[in-house]
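Here the structure is a predicted model, which is why all the values come from computation and not from measurement. Just so it is clear: chains get the letters A, B, ... in the order the sequence lines come, proteins before strands, and each one is counted from 1. When reading the values below, keep in mind they use all heavy atoms of this one structure, side chains included, and skip hydrogens, waters and symmetry mates.
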2 protein chains.
Amino acid sequence: MLNITLKQLRYFEALRLHEHFGRAADACAVTQPALSVQIKELEQTLGLALFERSARHVRLTSFGETVAERVSDILRSIDELSDVARAAEAGLSGRLRVGIIPTIAPYLLPTLIPNLRGAFPDLEGQFRETQTPRLVQELQDGRLDCAIVALPLLEAGIEELPLFEETFLLVRSEREAGTPVPRVEALGRENLLLLEDGHCFRDQAMAFCKVQSSEPREGLDGSSLSTLVQMVGAGIGMTLIPEMAARVEARAAPISLSRFEGRVPGRSIGLVWRKTSPLADQFRELAQVIKTAGLDALDEAECQ
Amino acid sequence: MLNITLKQLRYFEALRLHEHFGRAADACAVTQPALSVQIKELEQTLGLALFERSARHVRLTSFGETVAERVSDILRSIDELSDVARAAEAGLSGRLRVGIIPTIAPYLLPTLIPNLRGAFPDLEGQFRETQTPRLVQELQDGRLDCAIVALPLLEAGIEELPLFEETFLLVRSEREAGTPVPRVEALGRENLLLLEDGHCFRDQAMAFCKVQSSEPREGLDGSSLSTLVQMVGAGIGMTLIPEMAARVEARAAPISLSRFEGRVPGRSIGLVWRKTSPLADQFRELAQVIKTAGLDALDEAECQ
DNA sequence: TGTTTAGCATTAGATTTTCTTATCAAGGTT
DNA sequence: AACCTTGATAAGAAAATCTAATGCTAAACA
């Protein structure tokens, strides 16, 4: 049983253009019999003559013409495949699905997105904001390409690359501004407002503040940093906030922000991906851009 | 240097669908290593990973997805090639460029065209009406596929297949109706109207009528049979007309038609094509249809 | 926490395909 | 009629591709 091969189509195209077996063969860098045989096999496979051979001329048959149109389309598509590859090879390109935790996304993305466009113009970033466990799941399912989360994850099969560190600031109501900053470890006894369960930032904050219970505490859990800050502004308690979010959130409520002294709480933000992903190299490139964007966002947050 | 092959694309497609090397290999009726190697080579050629392999899953990379769309298009086109061939193989189809001499075309085509459509629905006939030498030239240049001409041509490299014979009738002015029909050989001395130079029918008529001079004779050469008949109707002389044209032309002028007695002039009409044409078999099929149409046209012409 | 299993990669040797070289045959040309 | 030109064919060489056997890694299991 015979099969059409691309080689045959390439030879066919050359013969169509040169109308001469010898010259077409030269153009293909093979000998004339090699080309003759392949053309013959193509004709056998198709069951019809593609060329009319006479001593003087080699000409397409009318069937050959019909085939020729399709063949040049096919060959063009094949060559485009390599082009697509070359373009993609140049750097990150195409669709990239990035997960980001909610305590980073709103503060990082405004800086990151324009930077990404500048660094990888052919990259279409699709951002998904949700909590770490879900991000990990989607990463493992192949629904995300990578994610920006707090390290360490220590998930099997997931590669982690640290991007930057950010500290946590204390958010108190405005009237507490200037009063001494309590030690982090002491916060557990205060009216500490936390994100609702599932947010990694909740766990991180709790760890620092030596809060034991992970029970939901009515009225003290917020669904976003904004909510928490608003609650603090309303005098309900105090909370921690990642450095990066500080400036944005502080503007929106009557609160005071303080750095901790002594043991400073903080976390490491990193880029993670499946160990098996062939994009690893590209992710390292990407990390540079995210890192820069992150540090920029931190700087901006600093200048409040 | 590596090259993309259709085999690689077929394996790629299978792997994309099965997301499993072993099963994809089964589907392609090869062993798993064979498929693995080809996929790897395709990735090497393109310079980028198409699939992400983990212990659990085989998944397209985002680059792989881009490639996949194009690849299925390509494979579809390839399969269509065979379809095109199968359709064409069934019989005459596609464009067919047919030359016809002017003393046949107007009388044969009205019958032939509908018959052709009936016999070969997928055939698109393109008819070119001009004189024999030009038809032969165009045939040899590959600008025509075949031609309907008077035989014999005796051109090197041209195959001839007789279709039917037609006799020539004498056309005289109406008032000569009933008067004895002269012998063909005697016509040379009459006011014999002929087609202008280049028409084979002119030469055929001259041969029968023993006219020697092939010089243009002012006022006695017409550019078409219609013109000649009109001239006869106007009483300018007499002429010969092929049987097939008789009825159509007789209707348009006050003339009388007579059959010759004794040596009856006539000619053989045949289909001709380049000996090298791979369509020879199809032309023989085609000849049957033309023959039938020709005999029909003759019959009709008869019943005047 | 070691063991097993699943599944892709790798290797070596066999097989098939494709190529080159040499030669033929058919049409034109001189 | 001898001679080119040019495509087809044949035989052996080279290259590509396959199978079979095996390795390796990561997940699943016990």
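Contact annotation: A:Arg53 does not reach the phosphate of D:dT6 (side-chain N/O to OP1 or OP2, under 4.0 Å).
For B:Arg16 and B:Glu13, the salt-bridge test passes: some basic side-chain N is under 4.0 Å from an acidic carboxylate O.
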| task | Could you check A:Glu166 against A:Ile104 for side chain to side chain contact (heavy atoms under 4.5 Å, CB included), going step by step and ending with a plain yes or no? | result | CA-CA 10 Å; A:Glu166 66 173 351; A:Ile104 293 281; 3.6 Å; yes
| request: For A:Asp73 and A:Arg76, run salt bridge (Lys or Arg N to Asp or Glu O under 4.0 Å): C-alpha distance rounded to whole Å, both residues' side-chain angles, the deciding distance at 0.1 Å, then the answer. | output: CA-CA 5 Å; A:Asp73 281 354; A:Arg76 193 170 333 110; 3.2 Å; yes
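A:Val67 pairs with exactly one of A:Leu50, A:Leu48, A:Leu9 by the side-chain contact (heavy atoms from CB on, under 4.5 Å) rule, that one being A:Leu50. Each of A:Val98, A:Ile290, A:Val289 was checked for a side-chain contact (heavy atoms from CB on, under 4.5 Å) with A:Leu116, and the lone residue meeting it is A:Val289.
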| remark: Heavy-atom contacts, protein to nucleotides 22-30 of chain D, under 4.0 Å, summarised as B (base), S (sugar-phosphate only) or - (none) per nt, yield ----SSS--
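For B:Arg23, there are no salt bridge (Lys or Arg N to Asp or Glu O under 4.0 Å) partners two or more places apart in sequence or in a different chain. Residues passing the salt bridge (Lys or Arg N to Asp or Glu O under 4.0 Å) test with A:Glu160: none are found, sequence neighbours excluded. Legend: residues meeting side chain to side chain contact (heavy atoms under 4.5 Å, CB included) with B:Val58, ordered by chain and number and at least two apart, are B:Leu15, B:Phe21, B:Phe51.
Non-hydrogen atoms lying under 4.0 Å from DNA chain C are contributed by A:Gln38, A:Glu41, all within residues 36-49 of chain A. Within residues 5-26 of chain A, the residues that place at least one heavy atom under 4.0 Å from DNA chain D are, in residue-number order, A:His20, A:Phe21, A:Gly22.
For the 3.5 Å distance criterion, the side chains of A:Arg267 and A:Thr103 qualify, holding a donor opposite an acceptor.
Shown here is A:Arg134, whose CZ atom has no more than 12 heavy atoms of other residues, nucleotides or ligands within 6.0 Å.
In this entry the distance linking CG of A:Asn3 with P of D:dC18 reads 11 Å, nearest Å. The distance from atom CG of B:Leu35 to atom P of C:dC8 is 10 Å, rounded to the nearest whole Å.
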